[in-house]
Every structure is written in structure tokens, then in C-alpha cells.
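Computed from a prediction, not measured in an experiment: that's the story for all the values here.
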Amino acid sequence: MANFEARTSAGSGRITVSLTGECDLAVREHLTAVLLDAVHRSRAVFVDLAGLCFIDSSGVHSLITAHHAAKQTGGHVYLVNAGGPVASVLEITGLDTLLRAPAEEHRHA
């Protein structure tokens with residue numbers, strides 16, 4: 001099993017949460033806690049998925065939970081840099097569209 005890591009960095013009026021490894025049931029509570037903390041600290045949260053090699057329904061649930069929490073405070077959660085199987089899961093679930101970052105942000109996240 002690949003190690004999972006969620007690193008948070010702040011700057012320019014936003015927080016970026018960079019995910020690496022595999023995101024499954026074993027890390028769901030940790031991921032949800034990290035995302036909700038970011039949502040409470042910033043109105044713009046970018047989740048960088050470049051280092052993520054796997055995500056299942058548990059990870060999808062965490063992303064949706066963060067999305068709903070952000071909406072309640074007028075904020076946004078955006079997904080960037082998804083590839084391979086992770087991008088496929090996001091496309092199948094519709095999260096690629098729901099949490100799409102503004103076009104200019106794809107280059108900067």
C-alpha cells in the first residue's frame with residue numbers, strides 16, 4: 001500500500017492541500033479533517049491531486065463533504081492536476097466538473 005500524505009500550504013488568499021499516495025477508507029477521517037480545516041481557514045481551497053495514484057468512494061466522500069462545508073460559508077473547493085485513474089474516478093462521479101478550478105488556476109496550482 002502506498003503511503004498517503006496530505007500537506008497544506010497557504011498563500012495568495014488560498015490554501016492548497018497536496019495529496020500523495022492512495023486515498024481510501026483507511027485515510028478518510030484524516031483527509032476529511034485536513035480538508036475541513038482548510039475550508040474553515042480560507043474561502044478558496046485548491047486540492048492538488050498530482051501525487052495521488054488512487055482514490056475510492058471514501059476519498060470522493062471527503063471531497064464532497066469539504067465542498068458542502070465550503071458552500072455554507074461562500075467558499076470553494078477546487079481540484080487540480082488529477083491524472084490517470086484518479087482523473088477517471090473524478091470524471092465518472094462528476095467531481096471533475098463540480099469542483100473544476102477556474103481555467104487560469106490550472107497553471108498556478
Side-chain angles (χ1 to χ4, degrees):
M1 178 174 119
N3 291 333
F4 174 79
E5 187 176 2
R7 289 184 329 264
T8 303
S9 59
S12 303
R14 69 197 240 177
I15 290 180
T16 299
V17 179
S18 300
L19 305 181
T20 57
E22 295 184 0
C23 183
D24 57 19
L25 182 59
V27 301
R28 182 185 72 186
E29 288 183 26
H30 173 63
L31 174 60
T32 301
V34 168
L35 292 174
L36 290 177
D37 177 63
V39 163
H40 289 112
R41 292 173 40 210
S42 178
R43 291 181 54 133
V45 175
F46 287 77
V47 183
D48 187 346
L49 305 171
L52 200 64
C53 59
F54 176 82
I55 189 168
D56 68 4
S57 61
S58 302
V60 168
H61 182 269
S62 293
L63 293 170
I64 292 170
T65 299
H67 165 69
H68 286 296
K71 275 184 64 174
Q72 290 178 348
T73 61
H76 297 279
V77 173
Y78 300 110
L79 304 180
V80 295
N81 302 322
V86 173
S88 296
V89 168
L90 298 177
E91 184 178 334
I92 289 167
T93 59
L95 287 184
D96 64 326
T97 302
L98 180 66
L99 304 180
R100 177 176 291 142
E104 65 275 5
E105 294 294 341
H106 285 282
R107 294 185 300 271
H108 303 294

Starting from the C-alpha separation in whole Å, work towards a yes-or-no answer on side chain to side chain contact (heavy atoms under 4.5 Å, CB included) for Phe54 and Asp24.
CA-CA 8 Å; Phe54 176 82; Asp24 57 19; 4.0 Å; yes

Name all residues meeting the side chain to side chain donor-acceptor pair (under 3.5 Å) criterion together with Asp96; count only those two or more places apart in sequence or in a different chain, and write none if there are none.
none

Before giving the answer on side chain to side chain contact (heavy atoms under 4.5 Å, CB included), spell out for Leu52 and Cys23 the whole-Å C-alpha distance, their side-chain angles and the decisive distance to 0.1 Å.
CA-CA 7 Å; Leu52 200 64; Cys23 183; 4.0 Å; yes

According to salt bridge (Lys or Arg N to Asp or Glu O under 4.0 Å), who are the partners of Arg43, at least two apart in sequence or on a separate chain?
none

Take Leu90 and Ser88 through the test side chain to side chain contact (heavy atoms under 4.5 Å, CB included) and record every step on the way to the result.
CA-CA 5 Å; Leu90 298 177; Ser88 296; over 6 Å; no

Can you tell me how far OG1 of Thr93 sits from CG of Leu98, rounded to the nearest 0.5 angstrom?
9.0 Å

Count the heavy atoms of every other residue, nucleotide or ligand shown that sit under 6.0 Å from CD of Glu5, and state whether that count exceeds 12.
yes

Counterpart residues, side chain to side chain donor-acceptor pair (under 3.5 Å), relative to Arg7 (two or more places apart)
none

Closest non-hydrogen contact found for Gly13 with Ala44 is O-CB, 4.1 Å

Side-chain polar contacts of residues 63-80 - donor-acceptor pairs under 3.5 angstrom, sequence neighbours left out - could you list them?
{"unit_1": "Thr65", "atom_1": "OG1", "unit_2": "His61", "atom_2": "O", "d": "2.9"}
{"unit_1": "Thr73", "atom_1": "OG1", "unit_2": "Ala70", "atom_2": "O", "d": "3.1"}

When rounded to the nearest 0.5 angstrom, what is the spacing between CD in Glu91 and OG1 in Thr97?
8.0 Å

Given Thr20 and Phe4, is the side chain to side chain contact (heavy atoms under 4.5 Å, CB included) satisfied, shown in steps?
CA-CA 6 Å; Thr20 57; Phe4 174 79; over 6 Å; no

Between CG of Asp48 and CG of Asn81, what distance do you get to the nearest 0.5 Å?
4.5 Å

Are Val47 and Leu19 close enough that some pair of their side-chain heavy atoms sits under 4.5 Å apart?
yes

Residues two or more places apart in sequence or in another chain: which of them pass side chain to side chain donor-acceptor pair (under 3.5 Å) with Ser42?
none

Spatial distance of atom CZ (Phe46) from atom OG (Ser12) [nearest 0.5 Å]:
10.0 Å

Under 3.5 Å, which donor-acceptor pairs link side chains of residues 30-40 to any protein atom two or more places apart or in another chain?
{"unit_1": "Thr32", "atom_1": "OG1", "unit_2": "Arg28", "atom_2": "O", "d": "3.0"}
{"unit_1": "Thr32", "atom_1": "OG1", "unit_2": "Ser62", "atom_2": "OG", "d": "2.6"}
{"unit_1": "Asp37", "atom_1": "OD2", "unit_2": "Arg41", "atom_2": "NH1", "d": "3.0"}
{"unit_1": "His40", "atom_1": "ND1", "unit_2": "Leu36", "atom_2": "O", "d": "2.6"}

